[in-house]
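Nothing here was measured: the structure is a model prediction, and the numbers come from that model. All chains are named by letter (A, B, ...) in the order of the sequence lines, taking the proteins before the strands, and each is independently numbered beginning at 1.
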Protein chains: 2
Amino acid sequence: MNIGSAAKASGVSAKMIRHYEGIGLLPQAGRSDAGYRQYGEKDLRTLQFIRRSRDLGFSLGEIQGLLGLWQDRARPSREVKALAKRHLEFLDRKLEELQSMKNALSHLVSCCHGDERPDCPILENLSGENGSAGLAGHGGR
Amino acid sequence: MNIGSAAKASGVSAKMIRHYEGIGLLPQAGRSDAGYRQYGEKDLRTLQFIRRSRDLGFSLGEIQGLLGLWQDRARPSREVKALAKRHLEFLDRKLEELQSMKNALSHLVSCCHGDERPDCPILENLSGENGSAGLAGHGGR
DNA sequence: CTTGACCTTCCCACCATGGGAAGCTCCATC
DNA sequence: GATGGAGCTTCCCATGGTGGGAAGGTCAAG
């Protein structure tokens with residue numbers, strides 16, 4: 001199986017398969033006489049493993065760890081769980097970060113009338129003015 | 001005011017200030033006789049504007065747009081709001097993406113006993129097996 | 001034998017940021 | 001006046017994950 005078919009079958013682009021091999025995430029692929037990389041069932045399973053891990057947001061470094069644990073039949077599930085938990089905490093931090101951006105921005109957006117007039121609470125906020133953009137007088141946020 | 005003080009006062013690193021100037025986000029800064037960049041109140045306000053925009057997750061490209069609107073006193077707030085709304089949608093997509101990663105992963109983590117035994121629903125899921133990891137062991141994908 | 005799809009390697013781009021080297025400037029202290 | 005250290009300059013490199021594309025070799029179908 002050539003790299004193109006492996007890419008289609010795994011959902012990992014050919015470009016990325018080469019890259020993963022280059023950085024040592026994948027072992028050197030076997031080669032045909034002409035130098036084409038050759039992939040088999042086992043490689044396919046590894047590629048899919050990587051793709052699923054990426055879908056969960058794991059970094060390539062973490063995936064290297066996961067692959068190691070995966071291939072070690074005697075690994076304690078404790079280690080896998082620890083790795084996953086760490087990533088979960090990372091996701092939580094990212095979520096909080098994005099959520100607070102969203103909260104702040106959606107407040108500003110809701111305060112901006114968005115018509116032809118130039119005055120705009122969004123720009124006022126970004127420029128550091130404490131305009132009457134919703135923080136004045138009555139209903140906070 | 002030298003770049004270091006401007007950095008401290010604005011919360012944008014000196015490194016980034018130079019970079020922003022390099023990519024045209026900031027105008028060329030004035031220079032002292034010795035070639036040191038010089039910053040004034042107005043520059044400081046621009047730098048803070050950029051930092052606040054970054055804090056809301058705007059890309060440098062979007063910030064270029066925001067700066068243009070900010071400096072155009074006749075801009076219609078409509079345009080600012082549109083730009084902000086687009087970014088808000090971007091944030092929403094990111095949030096959904098992260099949230100679904102988190103949901104999937106936290107389910108897996110909760111299914112993994114995390115002890116010394118090697119069997120692990122997390123790895124089973126990543127490797128494409130539909131183990132008994134909460135999906136009741138008969139379905140197949 | 002040609003054509004077109006596929007493969008190879010290699011370099012460059014994005015985005016935002018940081019690290020560090022080599023060399024110059026400024027200011028305080030001796 | 002000399003010296004030392006902090007701060008400035010430019011320039012190059014790295015990160016992380018992905019893509020684009022050029023130049024050239026290979027394979028299969030017509």
Using modelled atom types only, decide if a donor and an acceptor are shared between the side chain of [X] and the backbone of [Y] within a distance under 3.5 Å.
| X | Y | answer |
| --- | --- | --- |
| H87(B) | L56(B) | yes |
| R51(B) | S10(B) | yes |
| S53(A) | F49(A) | yes |
| N2(A) | G4(A) | no |
| Q99(A) | L95(B) | no |
| D43(B) | G40(B) | yes |
| K81(B) | C112(A) | yes |

Pull out every protein N or O sitting under 3.5 Å from an N or O of nucleotides 17-20 of chain D, one pair per line with the distance.
from	atom 1	to	atom 2	distance (Å)
dG17(D)	OP1	L60(A)	N	3.1
dG17(D)	O3'	R54(A)	NH2	2.9
dT18(D)	OP1	R54(A)	NE	3.4
dT18(D)	OP1	R54(A)	NH2	3.4
dT18(D)	OP2	Y20(A)	OH	2.6
dG19(D)	OP2	S13(A)	OG	3.1
dG20(D)	N7	K15(A)	NZ	3.0
dG20(D)	O6	K15(A)	NZ	2.8

Exercise. What parts of residues 26-48 of chain B reach DNA chain C, counting only heavy atoms under 4.0 Å away?
Worked result: A34(B), Y36(B)

Exercise. First and last nucleotide of DNA chain C in contact with chain A, 5' to 3', at under 4.0 Å to a heavy atom: what are they?
Worked result: dC6(C) to dT9(C)

Exercise. What's the spacing between S59(B) OG and E62(B) CD if we round to 0.5 Å?
Worked result: 3.5 Å

Exercise. Got a sec: does the CZ of R73(B) have more than 12 other heavy atoms crowding it under 6.0 Å?
Worked result: no

For this session: State plainly whether the residues R18(B) and E21(B) are in salt-bridge range, i.e. N to O under 4.0 Å.
Result: no

